Amino acid sequence: MEGFLNWFFQFMSTMLGGIWDCVKNIFLGLFQIFNFGLYIGLFDRYKSDFNIIGWALAVLAFILTYLVWGLIIFMIVLLIRKYVRFRKTIVGSEDLLEEIADLHREVVRLAGENERILALKVGPEGLSYEDLRGLFEDGQSVGATGLVGAGAAGGAVAQVATTVAEGTNPATPVASGKRFFRLSAVDDKYTFYKAPEYDCSMNLQELCDDIRNFACSRSHLYYDVRVIRLMIAGLASTKLILLQGISGTGKTSLPYMMGKYFQNDTTIASVQPSWRDRTELFGFYNEFTKKFNETEVLKRIYESSYTDDINIIVLDEMNIARVEYYFAEMLSILEMPDPSEWKIEIIPATQEGDPAHLEDGKLKIPQNVWYIGTANNDDSTFAVSDKVYDRALVINLDTKGIAFDAPYTEAKKISYSYVESLYKKAVEDYPVCQENLDKIAQLDLYVIEHFRVAFGNRIMKQLKIFVPVYVACGGTEVAGIDYILATKVYRKFEGLNLSLIRDEIKGLMRYMDELFGKDMMTECNAYLQRLQKMF
């Protein structure tokens, strides 16, 4: 034991001496602390005097000592890292506070400019040319940044300022007159309107083939005839179609081409991420200019009331903003059973000079307008809600069209009334047979029992219109039922816990085979199989 004590005394003395040397000379001290050669020499000098306990204590002392040193070094490194991160946070916060202060000063300046603009005399005679010239020449008030910050008022002055800069008198930019420039122009356009001669020679199957051949021969767009049938049948069952799928499959081109075919160009509204409410679609009344800022969508809906043409409005990249924000009112209106109640308020009340088809400030939504949204499902878009899916008919375009030869096909002038008559005739001629309705009812009970999902009256109403029209377009009744069930009912399974219903899905596919026949429900089976692979 005496040998161990002598060794331990020398060992600790050497190490403590190294600590002192660290104070005097950090590099020399560190070398001495970790001078393993010296420690091995000391160990060799005293190990002959060790007994068993001495050996054990020597090894334990060596290990514990360097564990302590390792912990100290680790804590030092950790503290240094925390300090570096803390300094970065302090610097970043200081930069952010400086930017906020700059923005605050800019807001105060813009608010002052806005007050100056609004303080100008605005009467029945409007802004005088001299006042506007002085405002424009100020340089500070009508600068590009100032006009943007002034909001609607700044936008109005910006329009007039452009005219002033060109050296022309803008007359009275806020003068009294018509509040709706575009809609009033539509009224003037149709003052002496004479309805054209419409083509009433084709049935629905011929119409599908003609549209497909037109797209091929005139635009080199290749669509499977099934897609055209789904589109025509979908337009019969709902006013809203949702085209979704991968990019480059012709989602926007399809409705654009149909507008060309019906000789009434499609209106395409490019949805922006900033869209938050209905004003993005219909415009808004500018209290400063006393004018209504009209959009192309509003103009197209209004103009549709003058004709019997087929009108298509495309909401391109529909889900790049939340659909239920900017299109919610239209979704509710289109669900009303009485079309005479399809009205949307544009202004609180009408006055002399307002468009002729505005009644008490409300615009009636014509029946001859269809709304088609395109949607990409990726990280830059929002998920489409059940409210939208339930009201729309979804057409998935996931594959590129295969080229084929088609005869040169002319565009046709077909009226909405004629197409609607073909829809009604199809429902009368090809109603869903009672046998299939009974099978659907049995399937409904099965889905409710095993998945707690019900079909709903809306889906059945759409099915009873979609399927007969799909048959009239050249499809089969079971194929039409198959598509509605896959896109309307089984789509709701995505909200369930797929890992818990895997076996139930297998049972559902077997049950459908028993009801409708082996491999008859191809669309449903393919979709359910994709769901099984998702977890």
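Every value quoted in this text rests on a predicted model; they were computed, and no experiment measured them.
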Whether over 12 other heavy atoms sit under 6.0 Å from K362 NZ: no

Charged N-O contact under 4.0 Å between R491 and D390: yes

Donor-acceptor contact below 3.5 Å, side chain Q263 vs main chain A411: yes

R229 (side chain) donor-acceptor with C473 (main chain) under 3.5 angstrom: yes

Side-chain heavy-atom pair N319, V388 within 4.5 angstrom cut-off: no

Residues, nucleotides or ligands: over 12 heavy atoms within 6.0 Å of I402 CD1: no

Closest non-hydrogen atom pair, L204 against A472: CD1-CB, 3.8 Å

Side chains of K299 and T267 in contact at under 4.5 Å (non-hydrogen atoms): no

Which atom of I312 lies closest to which atom of T266, heavy atoms considered: O-CG2, 3.3 Å

Shortest non-hydrogen separation from V394 to Y483 and the atoms involved: O-OH, 2.6 Å

Side chain to side chain, Y306 and D187, heavy atoms closer than 4.5 Å: yes

Approximate separation, where rounding is to 0.5 Å, of L515 CG and L443 CG: 6.0 Å

Cation-pi check, R212 onto F404 ring (under 6.0 Å, within 45° of axis): yes

Value rounded to 0.5 Å, distance of CD1 in I320 from CZ in F382: 9.0 Å

Atom pair CD/OH of E477 and Y470 - distance to nearest 0.5 Å: 12.5 Å

Ion pair check, K260 and D265, cut-off under 4.0 Å: yes

K413 atom NZ, over 12 foreign heavy atoms within 6.0 Å: yes

Short side-chain to backbone donor-acceptor contact, E206 and N203, under 3.5 Å: yes

Positive for side chain to side chain donor-acceptor pair (under 3.5 Å) with R182, one of E296, E294, E303: E296

Closest non-hydrogen atom pair, S219 against M257: OG-CG, 4.5 Å

Crowding at CZ, F181 (>12 non-hydrogen neighbours, <6.0 Å): no

Nearest heavy-atom neighbours spanning L358 and Y302: N-CE1, 4.4 Å

Audit row: T399, T249, side-chain contact (heavy atoms from CB on, under 4.5 Å) steps and yes/no: CA-CA 6 Å; T399 57; T249 53; 6.0 Å; no

Distance-only side-chain donor-acceptor flag, Y527 / E523, under 3.5 Å: no

Exercise: do Q205 and D209 side chains pair donor with acceptor under 3.5 Å: no

Heavy atoms of other groups near K387 NZ, more than 12 under 6.0 Å: yes

Donor + acceptor pair across side chains of D309, Y198 (<3.5 Å): yes

Check: L315 and F327 side chains under 4.5 Å, non-hydrogen atoms: yes

D316 side chain to A269 backbone, donor-acceptor under 3.5 Å: no

Side-chain donor-acceptor contact under 3.5 Å, S304 with N368: no

pair I372-L243: side-chain heavy atoms closer than 4.5 Å: yes

Check: Y261/D210 side-chain N/O donor and acceptor closer than 3.5 Å: yes

Whether K82 side chain and V77 backbone form a donor-acceptor pair below 3.5 Å: no

Donor-acceptor under 3.5 Å (S421 side chain, Y418 main chain): yes

Heavy-atom side-chain contact between R278 and M330 under 4.5 Å: no

Heavy atoms from other residues, nucleotides or ligands near CD of E335 exceed 12 (cutoff 6.0 Å): yes

Side-chain heavy-atom pair I301, F282 within 4.5 angstrom cut-off: yes

Heavy-atom side-chain contact between I310 and N264 under 4.5 Å: no

Within 6.0 Å of NZ in K364, more than 12 heavy atoms from elsewhere: no

Test side-chain contact (heavy atoms from CB on, under 4.5 Å) applied to L207 and I228, step by step: CA-CA 9 Å; L207 178 62; I228 306 299; over 6 Å; no

Rounded distance (nearest 0.5 Å) linking atom CD1 of I346 with atom CG of L363: 5.0 Å

CD1-NZ distance between I484 and K464, expressed to the nearest 0.5 angstrom: 13.0 Å

K251 versus N376, side-chain donor and acceptor atoms under 3.5 Å: yes

Value rounded to 0.5 Å, distance of NE2 in H450 from CG in L508: 9.0 Å

Distance-minimising heavy-atom pair for F451 and I501: CE2-CB, 4.1 Å

K439 atom NZ, neighbour heavy-atom count above 12 within 6.0 Å: yes

Donor-acceptor contact present, side-chain W370 to main-chain K239, <3.5 Å: no

